Undergrad: 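The following block contains the structure, expressed as structure tokens.
None of the values given here were measured: they were computed from a predicted structure.
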Amino acid sequence: MPLNSTLRGPLTKGSDRGTSLPFVFLVGNHSSGKSSFINYVLGRKVQTAGVAPTDDCFTVIAPGPKDVDQDGPALVGDPDIGFAGLRQFGPTLIHHAQLKVRSGINTTNFMMVDSPGMIDSPVSSGGMSITSPGYSGWAGGSTPNNSYNTSSSAAVMDRGYDFQGVVRWFAERADVVLLFFDPDKPGTTGETLSILLHSLGGMDHKLLIVLNKADQFRKIHDFARAYGSLCWNLSKVIPRKDLPRIFTMCLPVASTKEGGEDNSSSIGVDGNAADALDRRALADLHQTRDDVLAEVMKAPKRRVDNVITNLHDSVHLLLMHAVVAEDVRSRYSKRLWENRIQEASSLLLGATLAGMGLYFNIPPQFTGGVVAATVLGVGGIRLYNSSKLKDVEEQLLSSEELGASFQRTHPQEVSEADEFYASVWQRIRDPLRLSLWRTGLADYPAVTKKELKELQRILDVDIPRLRRKSSNRSGDSDRRDKNNNANANDQVEFGDDSLDLLGSVMGLRIATAGADSGETIAEGEGERESNIQYQDVEEENEEDENVDDYDDSKSQTGSISIDHDSTTPTPLLEHFDAKAQRKAEKKRKKAERRAQKMGQGDPTAGQKRCTLCDNSVNLLIRCTYDSSGEWGMVCGKCWKSVSGGVVDGDDAHPHYRYGGLWKNRRAQQIT
């Protein structure tokens with residue numbers, strides 16, 4: 001957003017650019033089963049699994065026509081795949097990243113990102129205290145949106161790069177985030193809890209906590225102790241009474257014992273009872289695994305919702321930043337102009353006295369003294385005002401004054417104790433103070449009311465419209481899946497409808513014009529009911545015609561290419577037909593409107609019926625006409641009979657009240 005760059009706002013450069021495909025991000029302890037789960041989801045062995053740490057890289061696994069491996073510089077340098085933002089974390093991180101393109105995998109419409117297993121180093125990894133800097137609660141903290149503190153005092157550099165910042169960068173752009181724990185280390189790894197506290201705060205809407213390898217417990221008491229230990233450790237970094245759901249699961253065991261028994265172990269009892277209990281327990285673990293898998297497969301569908309959520313969050317941050325910054329700047333500007341007026345008044349007074357001395361031929365000693373006194377006085381005043389302005393600037397940039405500016409610009413939210421606005425303020429307060437301090441209040445650019453209105457319009461009009469559009473299309477996708485009896489393991493198609501919507505979201509600009517409103521009808525008398533305005537909103541929404549079709553060739557660029565061959569699923573083919581029908585319908589309506597303007601269309605288009613005579617006309621009067629007091633829409637002929645031909649009525653028609661006029665905007669234009 002240009003306004004963000006002008007104001008040095010809280011949004012980092014390129015924060016509105018997503019990856020070429022949705023992706024799922026996995027993070028957790030070492031040997032917690034992340035690589036095994038990835039192999040299970042993909043349907044082939046891609047990652048190396050083991051008890052000891054097996055990988056120290058962030059690995060992006062993407063679908064493609066053939067197997068290709070690329071190193072970190074190639075991944076970050078690819079302009080299309082969408083990971084160029086990792087360059088900010090330095091060369092060490094770049095050389096610890098890689099891309100694996102694989103063919104024949106189950107996920108053809110989204111990527112998966114594996115992360116290095118987390119372990120505790122001999123050096124403390126920096127506090128897990130809830131009161132540590134940059135954190136103000138599970139619901140978001142004070143970390144600015146899409147920004148990271150990479151200073152040596154805040155970043156944990158024991159890996160050679162800011163690991164917490166990298167995890168947060170991936171998590172903010174991911175559509176699903178999986179945090180893995182295992183029975184051996186159920187929340188006891190300090191680095192994992194630190195990541196949950198500092199890097200995954202505010203992302204619980206897409207975060208799944210998984211306790212993997214639950215089939216390794218020998219006794220039910222072991223499971224209870226491990227689960228309780230995990231909950232206790234999580235409670236230290238999630239300051240809420242209600243803990244999030246913990247998905248307890250296991251992956252299928254490839255090998256079996258001799259005699260056909262499952263490799264899973266008994267849970268505390270013997271004999272047939274143990275077998276029955278094992279089957280019930282494993283069935284529950286497998287069901288939970290299927291639930292996690294279902295959430296992973298929803299990543300493409302969640303991409304649109306996540307992008308809209310990110311847009312909503314970014315606009316809120318920028319709007320509050322602009323409003324509070326403008327309030328601080330205007331207060332400083334007011335004080336500055338007061339000083340300038342004081343200096344100009346002193347200078348004008350001295351010049352007036354000197355002029356009067358010359359006019360009345362007063363001795364030049366008096367005139368020279370006046371001039372000297374004026375110069376010294378104005379210079380002294382200016383010097384004094386400059387020092388006072390510095391004090392005023394320091395005072396305005398203090399935490400107390402910034403908080404007062406927030407309360408002054410958001411009085412209703414403060415009085416209602418709105419937690420959402422409080423959390424947004426906590427996130428922008430420090431970045432706002434830093435931005436104002438770096439630029440200086442004297443040089444800080446002003447924010448116009450038009451720019452603020454455009455931001456507010458995005459929140460009030462554009463984002464709700466995108467939400468409704470996304471919800472309707474998701475419902476259509478679900479109905480297509482049901483009609484085609486899709487298998488439970490089938491993937492969700494990230495079709496052109498979602499891509500079109502995603503393109504419209506990402507292409508949203510501050511200067512986007514609002515939707516054309518309907519005709520507002522003239523008001524009648526000063527009564528409350530007569531102030532109601534009616535709108536004749538056209539059924540055709542021309543905004544949809546301005547949404548550019550998504551370029552299908554995008555999936556063929558860069559390091560990733562997806563073949564759309566004859567195996568294209570039936571729901572996607574049906575979608576193409578539906579899209580063609582929608583385009584044809586839009587063309588038909590457009591031709592109809594063009595004909596209306598040329599006087600060749602349907603003369604009855606847009607007409608409404610009279611409440612009394614039921615005739616279709618282009619002009620109706622809103623009024624009451626009987627003892628019921630109900631409002632009706634009557635034509636000109638019927639209006640004379642209910643009003644006596646008088647606008648405000650007469651004594652012969654006591655039930656009549658005038659309430660406005662409706663006119664057909666689509667009436668035939670006769671030339």
Side-chain angles (χ1 to χ4, degrees), residues 1-16 88 133-134 142-151 153-154 314-348 375 377-410 421 424-458 509-511:
M1 295 181 180
L3 183 60
N4 181 72
S5 302
T6 304
L7 300 180
R8 295 178 180 264
L11 311 180
T12 58
K13 182 180 179 181
S15 60
D16 57 340
Q88 63 179 302
S142 63
T143 303
N145 185 43
N146 298 332
S147 62
Y148 312 95
N149 183 1
T150 57
S151 64
S153 61
S314 300
V315 174
H316 262 296
L317 290 171
L318 182 57
L319 178 60
M320 184 175 291
H321 180 101
V323 170
V324 178
E326 178 60 20
D327 179 76
V328 175
R329 190 205 62 81
S330 61
R331 293 172 64 194
Y332 178 85
S333 179
K334 180 180 179 181
R335 184 62 178 270
L336 177 64
W337 279 105
E338 289 177 354
N339 293 344
R340 295 291 183 265
I341 292 174
Q342 183 183 14
E343 297 166 5
S345 300
S346 300
L347 183 61
L348 181 61
V375 173
V378 172
I381 292 174
R382 186 173 183 82
L383 183 62
Y384 174 78
N385 288 340
S386 298
S387 62
K388 295 299 292 183
L389 275 177
K390 292 181 180 179
D391 297 337
V392 170
E393 183 172 5
E394 292 180 359
Q395 182 181 4
L396 290 175
L397 295 182
S398 63
S399 300
E400 294 77 11
E401 287 298 323
L402 287 178
S405 295
F406 166 70
Q407 295 178 7
R408 184 165 46 254
T409 54
H410 299 80
Y421 280 88
V424 173
W425 169 242
Q426 290 293 329
R427 295 168 64 185
I428 72 162
R429 181 179 55 190
D430 294 337
L432 172 62
R433 183 179 181 184
L434 182 61
S435 174
L436 294 173
W437 176 78
R438 285 181 175 177
T439 308
L441 294 181
D443 300 326
Y444 201 82
V447 183
T448 63
K449 292 184 178 180
K450 181 180 180 181
E451 291 173 330
L452 297 179
K453 287 182 179 179
E454 288 296 335
L455 288 175
Q456 192 63 48
R457 186 188 59 78
I458 292 176
R509 294 292 183 267
I510 296 297

Undergrad: Hey, what do you get for CH2 (Trp425) to NE2 (His316), rounding to the nearest 0.5 Å?
TA: 16.0 Å
Undergrad: Measure the CD1-CG distance between Ile381 and Leu383 for me, rounded to the nearest 0.5 Å.
TA: 11.0 Å
Undergrad: Once rounded to the nearest 0.5 Å, what's the spacing between atom OH of Tyr332 and atom CD of Gln395?
TA: 13.0 Å
Undergrad: Please report the closest heavy-atom contact between Val378 and Ser346, naming both atoms and the distance.
TA: CG2-CB, 3.9 Å
Undergrad: Which residue pairs pass the side chain to side chain donor-acceptor pair (under 3.5 Å) test with at least one member in residues 333-344, sequence neighbours excluded?
TA: Glu343-Arg382, Glu343-Asn385
Undergrad: Supply the atom-to-atom distance Leu318 CG to Asn4 CG, rounded to the nearest 0.5 angstrom.
TA: 5.5 Å
Undergrad: State which residues pass side-chain hydrogen bond (donor to acceptor under 3.5 Å, both in side chains) with Ser386; sequence neighbours excluded, sorted by chain then number.
TA: none
Undergrad: Going from CG on Leu319 to NZ on Lys453, what distance comes out if it is rounded to the nearest 0.5 angstrom?
TA: 13.5 Å
Undergrad: Step by step, work out the side chain to side chain contact (heavy atoms under 4.5 Å, CB included) result for Leu402 and Leu396.
TA: CA-CA 7 Å; Leu402 287 178; Leu396 290 175; over 6 Å; no
Undergrad: Is there side-chain contact between Leu317 and Pro431, with at least one heavy-atom pair below 4.5 Å?
TA: no
Undergrad: Do Leu397 and Leu441 come close enough that some side-chain heavy atom pair is under 4.5 Å?
TA: yes
Undergrad: Rounded to the nearest 0.5 Å, how far apart are CG of Leu452 and CD of Glu326?
TA: 7.0 Å
Undergrad: In chain order, what residues pass the side-chain hydrogen bond (donor to acceptor under 3.5 Å, both in side chains) check against Asp327, with sequence neighbours excluded?
TA: Ser405, Arg408
Undergrad: Where do Met320 and His410 land on the side chain to side chain contact (heavy atoms under 4.5 Å, CB included) test, with the steps shown first?
TA: CA-CA 9 Å; Met320 184 175 291; His410 299 80; 4.0 Å; yes
Undergrad: Applying side-chain hydrogen bond (donor to acceptor under 3.5 Å, both in side chains), can you list everything that pairs with Thr448, at least two apart in sequence or on another chain?
TA: Glu451
Undergrad: Which residue pairs pass the side chain to side chain donor-acceptor pair (under 3.5 Å) test with at least one member in residues 432-447, sequence neighbours excluded?
TA: Arg8-Thr439, His321-Tyr444, Ser399-Arg433
Undergrad: Do Val447 and Val323 have side-chain heavy atoms sitting under 4.5 Å apart?
TA: no
Undergrad: Who are the side-chain hydrogen bond (donor to acceptor under 3.5 Å, both in side chains) partners of Glu401, not counting sequence neighbours?
TA: Arg331
